Amino acid sequence: MKISQDPHPRVRAAACTTLGQMATDFAPNFQKKFHETVIAALLRTMENQGNQRVQSHAASALIIFIEDCPKALLILYLDSMVRNLHSILVIKLQELIRNGTKLALEQLVTTIASVADTIEEKFLPYYDIFMPSLKHIVELAVQKELKLLKGKTIECISHVGLAVGKEKFMQDASNVMQLLLKTQSDLSNMEDDDPQTSYMVSAWARMCKILGNDFQQYLPLVIEPLIKTASAKPDVALLDTQDVENMSDDDGWQFVNLGDQQSFGIKTSGLEAKATACQMLVYYAKELREGFVEYTEQVVKLMVPLLKFYFHDNVRVAAAESMPFLLECARIHGPEYLAQMWQFICDPLIKAIGTEPDTDVLSEIMNSFAKSIEVMGDGCLNDEHLEELGEILKAKLEGHFKNQELRQVKRQEENYDQQVEMSLQDEDECDVYILTKVSDILHSLFSTYKEKILPWFEQLLPLIVNLICSSRPWPDRQWGLCIFDDIIEHCSPTSFKYVEYFRWPMLLNMRDNNPEVRQAAAYGLGVMAQFGGDDYRSLCSEAVPLLVKVIKCANSKTKKNVIATENCISAVGKILRFKPNCVNVDEVLPHWLSWLPLHEDKEEAIQTLSFLCDLIESNHPVVLGPNNSNLPKIISIIAEGKINETINYEDPCAKRLANVVRQVQTSEELWLECISQLDDVQQEALQELLNFA
């Protein structure tokens with residue numbers, strides 16, 4: 001911290017960079033332990049007007065620190081931090097007006113956006129002091145060299161608006177929308193590398209979310225230019241070599257030599273604008289739903305053919321991404337209209353999974369297909385679709401194994417070296433990513449069709465069983481187990497027919513060195529207890545000692561291992577809750593309570609809190625302890641759940657937890673004993689829970 005105030009600017013900049021890296025590497029523990037010192041040091045560095053680059057480094061480090069800082073901690077420094085940021089903003093805005101200086105200002109507006117995004121509604125008291133300056137920056141940033149600043153400021157305004165909510169933002173909504181519309185009107189004239197583009201797309205998405213139905217008044221102003229840009233066909237040409245040489249100075253064209261003195265050319269300058277327009281249509285469909293209904297048919301007829309637009313990857317990505325959102329819009333028109341639209345979408349989408357050559361685009365198409373199945377529900381695929389899909393997924397899995405074999409052969413060749421190995425690892429990562437998307441599609445089928453899909457699935461069963469063999473690489477075993485987890489969760493009790501395929505792999509992989517594999521195994525053991533039925537009783541009994549052994553391991557709570565460990569704790573809780581006859585509940589419960597709270601896996605954390613509520617509401621003597629001696633621990637668990645943002649006010653569990661706290665408050669002596677063991681942050685978290693739940 002001392003070197004962050006070193007007289008030499010390079011030392012101060014390096015100190016800021018180091019703090020930012022530590023905030024990334026050791027989050028969130030670093031934020032929890034050093035929040036007071038780090039925030040103060042970075043703000044002091046930002047206040048020092050001596051060096052713009054140092055200020056920029058300090059702002060960047062503060063952004064990184066805030067990203068993983070619990071809201072309850074950040075609120076402790078909110079007033080002084082926000083007012084310091086505003087003072088710096090005023091100074092930097094004056095420097096922009098006088099000198100055109102922008103470096104520190106770019107990072108500063110991103111810092112303000114990050115603060116607003118983290119503290120959400122708590123930013124409301126500061127809205128009026130920031131918004132005029134932010135709008136002024138957008139109005140001033142008209143030169144080419146200020147486009148990045150303009151984009152970041154537009155993004156900041158949208159973050160602030162989303163944080164404070166529609167009611168407060170409406171006073172500036174019209175003015176802000178005019179600024180955005182003016183920027184969007186230049187979309188077709190933007191250069192391919194215009195830095196405003198990505199910021200504007202995300203800002204429009206937030207504006208839709210903020211304004212909701214009120215955004216519809218602006219939609220007619222933007223939708224037709226967008227559809228026109230998204231529909232634009234690229235200029236292409238077949239030219240001989242001499243013609244290509246004559247056009248070589250035109251940077252808007254790219255050429256591929258076809259041989260025989262001929263080249264295929266495409267004018268690329270409009271492709272980025274087309275991709276951006278397609279992405280914005282996706283956001284509108286996603287956010288507006290009912291407000292987008294009248295454009296649904298026009299947009300789906302545009303997007304489906306773009307699944308084969310091989311001139312630009314991001315166009316195909318946007319086309320794929322739009323499908324489930326367009327289906328959601330179509331649902332508003334009624335089931336018949338929805339069925340017609342799905343009929344138009346389904347076949348091209350399945351075929352695109354089989355033919356897409358780019359891995360990144362393929363993953364988006366597969367993800368879109370999985371989400372579309374979830375929108376459409378049980379019975380959405382006819383026999384022909386299922387047959388084609390089965391063949392494609394089988395080919396993907398067989399290709400996955402074949403590619404692994406080929407990579408092993410390449411490792412034995414004479415020219416094998418470190419560079420080759422890096423290339424092979426990149427290929428492997430791509431293959432594994434596609435495997436995750438195969439898992440996503442199967443998850444969607446299992447969750448919608450339930451056990452009815454199992455006869456179709458059996459054509460893939462030998463390949464999935466192969467994934468979980470002990471000889472396979474750990475990512476194969478992880479995702480193979482995840483697929484069986486889904487079968488257990490969604491297709492029980494019928495899932496027990498496959499138990500001999502996954503029983504021993506699931507138990508043995510609890511000891512695996514890779515936490516991702518242990519997590520998948522632990523989750524499976526938990527859903528066995530929750531959904532599996534009586535057939536799984538003996539397997540649940542066998543699982544408990546293995547789960548406990550992982551939890552008690554010395555390094556179980558390290559950053560690398562904590563998610564797997566929390567899944568183990570949750571699995572033990574599910575066995576206690578749903579299969580209590582498989583275990584000595586009174587013996588295991590005290591241990592389970594001592595392992596709480598869960599911090600990292602939010603879904604499993606809320607399940608453990610729900611079970612805790614069950615136990616408290618039934619006055620379970622082991623959980624409450626002799627003379628309610630465990631209540632201080634329980635109140636601490638609830639406070640930590642609020643601090644870690646596990647508790648969502650929309651979840652019924654929040655009200656149940658608040659009622660537990662209120663019940664304890666009825667005994668003044670007991671309540672004082674509980675809060676005496678809490679720090680200020682925990683006490684404030686409890687009060688916030690009581691205020692809102």
Side-chain angles (χ1 to χ4, degrees), residues 151 154-155 158 162 180-181 183-184 187-188 190 196-213 215-216 218-232 270-309 311-332 338 341-342 344-346 348-349 352-353 356 358 360-376 437 440:
I154 286 171
E155 179 188 51
S158 67
L162 194 59
L180 282 170
L181 287 167
T183 306
Q184 176 156 317
L187 179 65
S188 59
M190 282 186 178
Q196 296 175 99
T197 304
S198 61
Y199 295 108
M200 191 174 68
V201 170
S202 58
W204 275 116
R206 293 188 198 96
M207 290 299 167
C208 288
K209 190 173 288 187
I210 296 163
L211 299 178
N213 290 335
F215 187 86
Q216 291 179 39
Y218 301 103
L219 197 54
L221 301 175
V222 297
I223 194 75
E224 290 307 323
L226 271 184
I227 290 176
K228 182 180 178 181
T229 303
S231 304
L271 294 182
E272 199 64 43
K274 182 183 180 76
T276 301
C278 289
Q279 192 63 61
M280 292 176 77
L281 289 171
V282 173
Y283 281 126
Y284 293 150
K286 178 183 178 181
E287 299 297 339
L288 293 177
R289 302 293 169 91
E290 290 185 14
F292 198 77
V293 166
E294 65 179 286
Y295 304 104
T296 304
E297 187 169 340
Q298 186 179 3
V299 173
V300 81
K301 287 179 177 177
L302 164 67
M303 290 296 198
V304 168
L306 292 180
L307 290 169
K308 296 189 289 187
F309 188 84
F311 299 123
H312 200 290
D313 292 350
N314 287 341
V315 172
R316 302 199 303 287
V317 167
E321 193 179 352
S322 71
M323 299 305 164
F325 302 126
L326 292 170
L327 290 169
E328 291 279 11
C329 294
R331 194 205 298 272
I332 298 165
L338 175 62
M341 182 166 288
W342 176 236
F344 183 71
I345 289 172
C346 183
L349 199 54
I353 297 172
E356 173 56 50
D358 184 89
D360 291 334
V361 180
L362 174 61
S363 67
E364 291 296 335
I365 295 172
M366 296 174 79
N367 185 57
S368 171
F369 181 71
K371 288 182 176 179
S372 297
I373 291 172
E374 291 174 5
V375 173
M376 296 304 300
K437 298 306 170 183
D440 287 346

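From a predicted model like this one, the values you see are computed outputs, not experimental measurements.
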Got [X] and [Y] here, is their nearest side-chain heavy-atom distance under 4.5 Å?
| X | Y | answer |
| --- | --- | --- |
| Leu180 | Tyr218 | no |
| Leu219 | Leu288 | yes |
| Gln279 | Glu321 | yes |

If you compare all heavy atoms of [X] against all heavy atoms of [Y], which two are closest, and at what distance to 0.1 Å?
| X | Y | value |
| --- | --- | --- |
| Leu362 | Ala352 | CD1-O, 4.4 Å |
| Ile345 | Pro348 | O-CD, 3.1 Å |
| Asp358 | Val361 | OD2-N, 3.0 Å |
| Met341 | Leu326 | SD-O, 3.8 Å |
| Ala330 | Leu338 | CB-CD1, 4.1 Å |

Using 0.5 Å steps for rounding, measure from the [atom1] atom of [X] to the [atom2] atom of [Y].
| X | Y | atom1 | atom2 | answer |
| --- | --- | --- | --- | --- |
| Leu226 | Tyr283 | CG | OH | 13.0 Å |
| Trp204 | Leu181 | CH2 | CG | 4.0 Å |
| Met207 | Ile154 | CE | CD1 | 8.5 Å |
| Glu272 | Thr276 | CD | OG1 | 5.0 Å |
| Leu306 | Lys301 | CG | NZ | 14.5 Å |
| Ser231 | Gln298 | OG | CD | 7.5 Å |

**OP:** Go through the steps for Asp313 and Asp360 under the test side chain to side chain contact (heavy atoms under 4.5 Å, CB included), then give the verdict.
**Re:** CA-CA 9 Å; Asp313 292 350; Asp360 291 334; over 6 Å; no
[X]: salt bridge (charged side-chain N to carboxylate O under 4.0 Å, His left out) partners, not counting sequence neighbours:
| X | result |
| --- | --- |
| Lys308 | none |
| Glu356 | Arg316 |
| Lys286 | none |
| Glu364 | none |

Results of side-chain hydrogen bond (donor to acceptor under 3.5 Å, both in side chains) for [X] - residues two or more places apart only:
| X | answer |
| --- | --- |
| Gln216 | Asn213 |
| Ser322 | none |
| Arg206 | Ser158, His159 |
| Lys228 | none |

Original post:
Aromatic rings Tyr284 and Phe215: how do their planes relate, parallel, tilted or perpendicular, breaks at 30° and 60°?
Top reply: tilted
**OP:** List in chain and number order the residues that pass ring pair (Phe, Tyr, Trp, His ring centres under 6.0 Å) with Phe311, two or more places apart in sequence or in another chain; answer none if no residue qualifies.
**Re:** Phe309
Subject >> ring pair (Phe, Tyr, Trp, His ring centres under 6.0 Å) against Phe292, all qualifying residues, sequence neighbours excluded >> reply: Tyr295
Return a table of donor-acceptor pairs under 3.5 angstrom between the side chains of residues 365-375 and protein atoms on other chains or two or more places apart.
unit_1 : atom_1 : unit_2 : atom_2 : d
Ser368 : OG     : Ala320 : O      : 2.5
Ser372 : OG     : Ser368 : O      : 2.8
Glu374 : OE2    : Ser444 : OG     : 3.0

**OP:** Could you walk me through whether Lys274 and Asn314 pass the side chain to side chain contact (heavy atoms under 4.5 Å, CB included) test, one step at a time?
**Re:** CA-CA 9 Å; Lys274 182 183 180 76; Asn314 287 341; over 6 Å; no
Original post:
Who are the side chain to side chain contact (heavy atoms under 4.5 Å, CB included) partners of Ala230, not counting sequence neighbours?
Top reply: Ala277, Cys278, Leu281, Leu302
